[in-house]
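As structure tokens, the structure follows; a few thoughts come after it.
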Amino acid sequence: MPTLESPEVATLEIPDGSAAELPDFTTDEYKDAYSRINAIVIEGEQEANDNFVAIGSLIPDDKEELEKLGRMELKHKRGFIACGRNLGVKPDMVFAKKFFGPLHENFLKAAKEGNIATTLLIQAILIESFAISAYHVYIRVADAFAKKITQGVVMDEYLHLNYGEVWLKENLSTCKEELMKANKVNLPLIRSMLEQVANDASVLHMDKEELMEEFMIAYQDALTAIGLDNREIARMALAAVV
Ligand code: PL3
Ligand code: FE2
Ligand code: FE2
């Protein structure tokens, strides 16, 4: 007889009142998909550290604060490594490096050219919004161990997003044009990353539409916090669809 703990009856309440069914974490199909998703978050957390350190050398006044944010990312990385190990999964790091390649290259180019607004849009706004939205969706369908780790991680990610929002808000008058340009180039990359992860995410019971909605909400909230108006935000969001 199924018990409350059996996968077939295990459900989680999600905010809209519907219930998400938990996947079977022990199947080969789950583990195969998890080997790529887990690698993506491990690689993403490592690159986030590297990116914050790089931004620290562009904004010397905030170097220490940015290095502190970077250290949080390394802690996240260790947490997600533990999640994979707990399920007996080996992360596919080759896949994950390729997954981040185009966005990473754009970040490195912007950092080299001293384009601070672009580096912050990529790391603190786009990547952090991506992480926050995906982690929220994942928390609803994660195994108990990973759920606890991810809940801790997502709280930190808001601090990282907030750092970018504050800096860009303070410098908006001089960097709006750069911001728009960086959005046009990099938002389509996030969209394509979402498309690439969608199949594996669905094996984890994470819905593609929900991932996209959550991302657009987090991203638009961030743009509002930076001080952009509705028309500017709509114009920026359209870069994801055209
Ligand atoms: C910045 O702090 C972290 C950047 C990581 C970006 C990750 C994108 C997430 C893709 C979908 C994964 C869902 C969560 C799975 C957790 C094992
Ligand atoms: Fe992180
Ligand atoms: Fe972060």
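Whatever order the structure lists them in is the order used to number ligands and atoms, beginning at 1.
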Any chance the side chains of [X] and [Y] put a donor and an acceptor closer than 3.5 Å?
X    : Y    : value
E45  : N49  : no
E128 : Q123 : yes
S192 : Q196 : yes
H104 : E47  : yes
N183 : Y219 : yes

Return the residue, atom name and 0.1 Å-rounded distance of the protein heavy atom closest to [atom].
atom                    : value
atom 12 (C) of ligand 1 : I37 CG2, 3.6 Å
atom 13 (C) of ligand 1 : M206 CE, 3.5 Å
atom 17 (C) of ligand 1 : Y34 OH, 3.5 Å
atom 5 (C) of ligand 1  : Y135 OH, 3.6 Å
atom 9 (C) of ligand 1  : A134 CB, 3.8 Å
atom 7 (C) of ligand 1  : V41 CG1, 4.0 Å
atom 4 (C) of ligand 1  : I127 CG2, 3.6 Å

With the threshold set at 4.0 Å, does a side-chain nitrogen-carboxylate oxygen contact exist between K77 and E43?
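Salt bridge between K77 and E43, a charged N being under 4.0 Å from a carboxylate O: no.
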Do the ring planes of F215 and F130 sit parallel (below 30°), tilted (30 to 60°) or perpendicular (above 60°)?
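Taking F130 first and then F215, their aromatic rings stand perpendicular (interplane angle over 60°).
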Going by the angle between their ring planes, with limits at 30° and 60°, are Y135 and F80 parallel, tilted or perpendicular?
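The rings of Y135 and F80 sit tilted, inter-plane angle from 30° to 60°.
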Of V89, D92, V197, N199, which meets side-chain contact (heavy atoms from CB on, under 4.5 Å) against R36?
D92
Give yes if a backbone or side-chain nitrogen or oxygen of E73 is under 3.5 Å from a nitrogen or oxygen of ligand 1, and no if not.
yes
Given that the side chain starts at C-beta and the backbone is N, CA, C, O, which of these parts of E47 lies under 4.0 Å from ligand 1, counting heavy atoms, or is it both or neither?
neither
Numbered in order shown, the ligand 1 atoms found under 4.0 Å of a heavy atom of E128 are 1 (C), 2 (O)
Taking the side chain from N162 and the backbone from Y158, do they hold a donor-acceptor pair closer than 3.5 Å?
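Side chain of N162 to backbone of Y158, a donor-acceptor pair under 3.5 Å: no, none is there.
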Any side-chain to backbone donor/acceptor pair from N186 onto A182? Under 3.5 Å, distance only.
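Yes: the side chain of N186 pairs with the backbone of A182.
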For the Fe ion (ligand 3), state how many protein N, O or S atoms fall inside a distance shorter than 2.8 Å.
5
